[in-house]
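One structure below.
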2 protein chains.
Amino acid sequence: MADTSESEHGDRVRQLEADARRSGMRITPHTTTIIQILDESTDHPTAEDIFERARERDPSISSASVYRILNKLEESDLVRRQRLDSDRFRYEIADECRHHLVDLDTGQVIGISDPEIDELKDKIAKRHGYEIVDFRLELFGRKPGGGN
Amino acid sequence: MADTSESEHGDRVRQLEADARRSGMRITPHTTTIIQILDESTDHPTAEDIFERARERDPSISSASVYRILNKLEESDLVRRQRLDSDRFRYEIADECRHHLVDLDTGQVIGISDPEIDELKDKIAKRHGYEIVDFRLELFGRKPGGGN
DNA sequence: TTAATTGCAAATGGTTTGCTTTTGC
DNA sequence: GCAAAAGCAAACCATTTGCAATTAA
């Protein structure tokens with residue numbers, strides 16, 4: 001929500017396409033559409049959200065393709081998927097922050113980044129003698145006086 | 001893994017039954033079986049795990065009942081369910097710690113508790129102006145030289 | 001060229017639900 | 001007695017997959 005000028009969007013899309021191509025994917029029009037949508041979205045969309053947004057630009061796309069493209073992007077570590085509150089996966093570009101605060105009233109997902117989270121992770125890892133591959137902190141709450 | 005003598009197990013089971021009854025559930029033999037299994041399990045079992053363990057004690061139980069009882073216990077806030085690595089829910093008694101370290105080689109789930117996690121949560125909540133209802137930290141990693 | 005991608009429809013698989021019978025309290 | 005719980009089988013529903021046709025590189 002800050003340094004996201006139009007040209008930077010284009011840059012990131014091109015970068016992701018290049019990365020995807022490098023990891024063996026073919027860059028089809030559908031692939032580009034999905035990447036653009038992910039690049040533009042700040043609301044951690046579900047596959048269905050992405051499917052709907054993609055159909056507006058290219059009505060011929062099928063949900064199977066959306067799932068397949070998202071899975072390929074995830075296997076290439078370009079996209080991260082995770083379940084937050086719901087039982088559906090949510091997708092976001094992998095370089096975005098991986099911790100979230102979910103607003104229980106609005107469903108809004110807020111990205112969290114804080115160096116202390118990593119410090120805490122390191123401390124816990126050391127205490128248990130583990131090498132951490134991935135981790136996430138998820139908070140669920142509401143603004144006082146926000147809803148209800 | 002420390003103060004879990006036999007009598008304390010019995011205590012906790014009776015306490016959970018009382019709590020469940022208080023919140024409107026009927027304590028059937030199946031209910032008791034499920035509560036006992038949860039009380040004895042330290043491995044964060046899935047519904048299927050629980051169903052299998054329950055069948056050993058009472059072959060007449062159905063998986064639908066297991067799900068229904070677990071859902072009731074969760075609605076009463078006596079049990080917490082969450083997805084960790086897999087796409088199945090895992091269940092644990094609500095007074096157990098809610099943060100986990102998942103061993104990617106063995107699948108073992110280790111409960112984590114650390115006052116700093118709560119301090120961090122409070123700090124983030126304050127920064128964003130939220131009242132946190134629930135939260136969890138999940139770590140995924142492996143012991144160096146452990147597997148693979 | 002040729003292996004990857006696509007759309008469609010069918011399959012998966014964990015979880016839920018409708019219905020009828022049984023049972024806790 | 002009566003609302004809650006049980007078993008069974010069917011329904012759900014997000015996600016995956018088989019297949020035949022299309023297409024990127």
Side-chain angles (χ1 to χ4, degrees), chain A residues 14 16-35 37 44-76 78-91 107, chain B residues 14 16-37 44-55 57-76 78-91 107:
Chain A
R14 276 188 293 279
L16 285 166
E17 286 180 342
D19 292 341
R21 190 179 284 109
R22 196 171 307 119
S23 71
M25 289 178 67
R26 282 187 189 168
I27 307 307
T28 67
H30 288 345
T31 313
T32 300
T33 300
I34 300 295
I35 289 176
I37 288 169
H44 309 263
T46 65
E48 196 190 349
D49 294 332
I50 295 167
F51 177 43
E52 284 170 10
R53 293 171 202 181
R55 253 207 301 211
E56 288 171 11
R57 310 179 187 200
D58 179 354
S60 74
I61 197 169
S62 68
S63 72
S65 292
V66 172
Y67 278 108
R68 276 191 275 234
I69 290 167
L70 289 170
N71 285 343
K72 292 251 162 67
L73 291 171
E74 200 211 2
E75 286 160 23
S76 308
L78 301 175
V79 158
R80 182 171 44 240
R81 83 175 188 180
Q82 56 191 297
R83 300 192 203 259
L84 297 176
D85 50 325
S86 75
D87 46 1
R88 296 138 104 133
F89 286 115
R90 288 174 173 271
Y91 298 81
Chain B
R14 276 189 292 278
L16 285 166
E17 286 180 342
D19 291 342
R21 189 177 287 112
R22 194 169 309 121
S23 72
M25 289 178 66
R26 283 187 189 168
I27 307 307
T28 68
H30 289 345
T31 312
T32 300
T33 299
I34 300 296
I35 289 177
Q36 284 174 346
I37 288 168
H44 307 263
T46 64
E48 197 191 348
D49 294 330
I50 295 166
F51 176 43
E52 286 169 8
R53 293 172 202 180
R55 255 209 299 211
R57 310 181 186 197
D58 179 354
S60 76
I61 196 170
S62 70
S63 74
S65 291
V66 171
Y67 278 108
R68 275 193 273 234
I69 291 168
L70 288 171
N71 285 345
K72 291 252 163 66
L73 290 171
E74 200 211 2
E75 285 159 25
S76 308
L78 300 176
V79 158
R80 182 169 46 238
R81 81 173 189 183
Q82 55 192 297
R83 301 192 202 256
L84 297 175
D85 49 326
S86 75
D87 45 2
R88 295 137 104 134
F89 286 113
R90 289 175 172 272
Y91 298 82

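Naming: A, B, ... by sequence-line order, numbering from 1 per chain.
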Show the distances under 3.5 angstrom between N or O atoms of the protein and N or O atoms of nucleotides 11-14 of chain D.
| from | atom 1 | to | atom 2 | distance (Å) |
| --- | --- | --- | --- | --- |
| D:dA14 | OP1 | A:Arg88 | NH1 | 3.4 |

Could you go through B:Ile69 and B:His30, starting from their C-alpha distance and side-chain angles, then the distance that decides it, and tell me whether this counts as side-chain contact (heavy atoms from CB on, under 4.5 Å)? CA-CA 8 Å; B:Ile69 291 168; B:His30 289 345; 3.7 Å; yes
N/O donor-acceptor pair under 3.5 Å between B:Asp19 side chain and B:Leu16 backbone: no
Looking at A:Arg88, is its backbone amide N or carbonyl O close enough to the side chain of A:Ser86 to form a donor-acceptor pair, meaning the two atoms are under 3.5 Å apart? yes
What's the closest nucleotide to the A:Lys72 side chain, out of C:dT16, C:dT5, D:dA6? C:dT5
Among the nucleotides D:dT17, D:dA6, C:dT15, whichever has the atom closest to the side chain of B:Ser65 is D:dA6
In whole angstrom, give the distance that lies between atom [atom1] of [X] and atom [atom2] of [N].
| X | N | atom1 | atom2 | answer |
| --- | --- | --- | --- | --- |
| B:Leu73 | D:dA5 | CG | P | 10 Å |
| B:Asp49 | C:dG14 | CG | P | 11 Å |
| A:Phe51 | C:dC8 | CZ | P | 9 Å |
| A:Ile69 | D:dT15 | CD1 | P | 15 Å |
| A:Asp58 | D:dT23 | CG | P | 12 Å |
| A:Arg90 | D:dT15 | CZ | P | 11 Å |

Base contacts versus sugar-phosphate-only contacts with protein, heavy atoms under 4.0 Å: please encode nucleotides 19-25 of chain C as B, S and - from 5' to 3'. ----BBS
Using the salt bridge (Lys or Arg N to Asp or Glu O under 4.0 Å) rule, collect all pairs that involve residues 55-71 of chain A, keeping only residues at least two apart or in two chains. A:Glu40-A:Arg57
Do B:Thr31 and B:Glu17 get their side chains close enough for a donor-acceptor pair, meaning under 3.5 Å? no
Are any non-hydrogen side-chain atoms of B:Leu73 and B:Ile35 less than 4.5 angstrom apart? yes
How long is the span from the CD1 atom in A:Ile50 to the OH atom in A:Tyr67, to the nearest 0.5 Å? 9.5 Å
Would you give the length of the straight line joining atom OG1 of A:Thr46 to atom CZ of A:Phe89, rounded to the nearest 0.5 angstrom? 12.0 Å
Base, sugar-phosphate, or nothing: which does B:Ser63 touch, judged by heavy atoms less than 4.0 Å apart? nothing
Please name all residues satisfying side-chain hydrogen bond (donor to acceptor under 3.5 Å, both in side chains) with B:Thr33, sequence neighbours left out, ordered by chain then number. none
List the steps and the verdict of side-chain contact (heavy atoms from CB on, under 4.5 Å) for A:Lys72 and A:Leu78. CA-CA 9 Å; A:Lys72 292 251 162 67; A:Leu78 301 175; over 6 Å; no
Provide the full list of ring-ring contact (aromatic ring centres under 6.0 Å, His included) pairs with a residue in residues 44-65 of chain A, sequence neighbours left out, each pair given once. A:His44-A:His100
Describe, as an angle rounded to 10 degrees, how the axis at the first end of the helix from C:dT1-D:dA25 to C:dC25-D:dG1 is tilted relative to the axis at the last end, five pairs per end. 40°
First of A:Ser60 and B:Ala64 reached from the 5' end of DNA chain C, by closest nucleotide: A:Ser60
Would you say a side-chain N or O of B:Asn71 is under 4.0 Å from OP1 or OP2 of C:dT16? yes
